[in-house]
Amino acid sequence: MIQVVRAGALTTVQDLGRPGWAHLGVPRSGALDGPALRLANRLVGNAETAAGLEITLTGCRLRVTRTTTVAVTGAYGPLRVDGRAAGLGQPVAVPAGATVDIGAASHGVRRYLAVGGGIDVPPVLGSRSTDTLSGLGPAPLTDGDELPIGTAVPTPSTVHFTPGRPTPDVLRLAVRLGPRDDWFTTAAVGTLLSTPYTVSPVGNRVGARLAGARLTRARAGELPSEGIVLGAVQVPADGQPLVFLADHPTTGGYPVIAVVDDVAPLAQARPGTTVLFHGPQR
């Protein structure tokens, strides 16, 4: 069992999400930085699909009631077990009754904790992920919550250490144009692919808002709601792009000018980070 001593600003249970239910209006959800969660699971010998914790910016404090192994990946920040500094990106043995302090992120935004056996909350539609938009899965953690731990696999991990991944100040994101790039002027499409944008402080698991040059429409009027996919770059009426992340709605009415191939880097992008879009050919 994991006891939550301090939940922090936003700590949620996440696995690789529940894709395939968009026709029922269910977002895919799952870890925003999927590679970081997969790595944490591998470090403790779990399947990559096991559920862990996604810890946002301010960190959290946990207590384990049984001897186990944990690993923390993703954003940089301190990690302490019963007050002693522990290594990031490697398996850490934790005795029963010990506290695990995942400190505030000093670089990046989201940290991932995997525990041997995984977080064993009941799955919903095949996933244990918290979906902050639809409310599926366990609620965001609060102080005093208790989380069950699954049975750890007897085979130890083949991954013992991984070097840190620095968080860049400039993200270069590959996009594919469409499906509604024809709703924008040629100049606007050129602006999207040539002008730096800045990550806004207004963002969450649903989407990352960007600020920069306004993208001007070639068409007036409203677009009937249509399906939205992960990474869709939607442009609301203010002309500022919004990139949809894991908890995105399944439909939307503003035109989508492009789709980002890989949104994982945005999971660790702090406000003020520069974003450059480019086509897949570059």
Side-chain angles (χ1 to χ4, degrees), residues 2 4 7-42 46-58 60 72-75 102 105 108-115 117-142 145 147-150 173 199 202-209 225-234 242-252 256 259-269:
I2 291 177
V4 180
L10 178 64
T11 300
T12 59
V13 177
Q14 297 294 340
D15 54 21
L16 299 184
R18 48 181 70 85
W21 299 97
H23 62 293
L24 298 180
V26 176
R28 61 184 300 136
S29 192
L32 290 190
D33 189 344
L37 176 62
R38 289 188 180 96
L39 176 59
N41 274 322
R42 291 173 61 201
N46 289 345
E48 292 186 344
T49 54
L53 296 182
E54 181 179 276
I55 303 149
T56 307
L57 204 57
T58 61
C60 69
V72 174
T73 60
I102 299 99
V109 177
R110 294 175 174 90
R111 314 188 72 188
Y112 291 86
L113 177 136
V115 55
I119 306 295
D120 196 24
V121 297
V124 178
L125 296 177
S127 170
R128 295 179 169 84
S129 288
T130 300
D131 183 335
T132 60
L133 184 67
S134 70
L136 291 176
L141 300 189
T142 60
D145 282 352
L147 300 170
I149 302 174
L173 302 179
V199 175
V202 183
N204 52 26
R205 285 184 44 85
V206 175
R209 292 187 179 275
S225 289
E226 55 188 5
I228 295 290
V229 299
L230 180 69
V233 184
Q234 192 184 66
L242 163 66
V243 182
F244 279 119
L245 303 179
D247 287 359
H248 66 82
T250 55
T251 61
V256 171
V259 177
V260 176
D261 283 352
D262 180 11
V263 298
L266 281 170
Q268 304 296 358

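For the numbers below, each heavy atom of this structure counts, side chains included, while hydrogens, waters and symmetry mates do not. Numbers for residues simply follow the sequence, beginning at 1.
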| Do Val13 and Leu53 pass the side-chain contact (heavy atoms from CB on, under 4.5 Å) test, and can you show the C-alpha distance, the side-chain angles, and the key distance before you say yes or no? | CA-CA 5 Å; Val13 177; Leu53 296 182; 3.9 Å; yes

Would a 4.5 Å heavy-atom cut-off, applied to side chains only, mark [X] and [Y] as touching?
| X | Y | value |
| --- | --- | --- |
| Leu24 | Leu125 | no |
| Leu147 | Val115 | no |
| Leu242 | Val233 | no |

Which pair of heavy atoms, one from [X] and one from [Y], lies closest together, and at what distance?
| X | Y | answer |
| --- | --- | --- |
| Ala31 | Tyr112 | CB-CE2, 3.7 Å |
| Gln14 | Leu37 | O-CD2, 3.5 Å |
| Val243 | Gly231 | CG1-O, 4.0 Å |
| Cys60 | Thr11 | CB-OG1, 3.9 Å |
| Ala246 | Arg28 | O-CG, 3.5 Å |

Listed by chain and number, what are the side-chain contact (heavy atoms from CB on, under 4.5 Å) partners of [X], not counting sequence neighbours?
| X | value |
| --- | --- |
| Ser127 | Asp15, Arg18, Ser129 |
| Leu133 | Pro27, Asp131, Val206, Asp247, Pro249 |
| Ala267 | Leu32, Asp33, Arg110 |
| Ile228 | Ala232, Gln234, Phe244, His248, Val256 |

| field | Residue list, salt bridge (Lys or Arg N to Asp or Glu O under 4.0 Å) with Arg128, at least two apart or on another chain | value |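 By the salt bridge (Lys or Arg N to Asp or Glu O under 4.0 Å) rule, Arg128 matches Asp120.
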
| task | Not counting sequence neighbours, which residues clear salt bridge (Lys or Arg N to Asp or Glu O under 4.0 Å) with Arg38? List them please. | result |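 So Arg38 forms a salt bridge (Lys or Arg N to Asp or Glu O under 4.0 Å) with Glu48.
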
To the nearest 0.5 Å, what is the distance between [atom1] on [X] and [atom2] on [Y]?
| X | Y | atom1 | atom2 | value |
| --- | --- | --- | --- | --- |
| Asn204 | Leu10 | CG | CG | 9.0 Å |
| Thr73 | Leu39 | OG1 | CG | 5.5 Å |
| Thr132 | Leu245 | OG1 | CG | 10.0 Å |

| So, Thr130 side chain and Pro138 main chain: donor-acceptor pair closer than 3.5 Å or not? |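 Confirmed, Thr130 side chain pairs with Pro138 backbone.
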
| message | I'd like to know if the side chain of Arg111 and the backbone of Ala75 have a donor-acceptor N/O pair within less than 3.5 Å. | response |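 Pair found, side chain donor or acceptor close to backbone of Ala75.
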
| task | Applying side-chain contact (heavy atoms from CB on, under 4.5 Å), run through Val26 and Thr250 and close with a yes or a no. | result | CA-CA 7 Å; Val26 176; Thr250 55; 5.8 Å; no

| said: Set out, in order, the CA-CA distance, both residues' side-chain angles and the distance that settles side-chain contact (heavy atoms from CB on, under 4.5 Å) for Ile2 and Ile149, then state yes or no. | reply: CA-CA 7 Å; Ile2 291 177; Ile149 302 174; 3.6 Å; yes

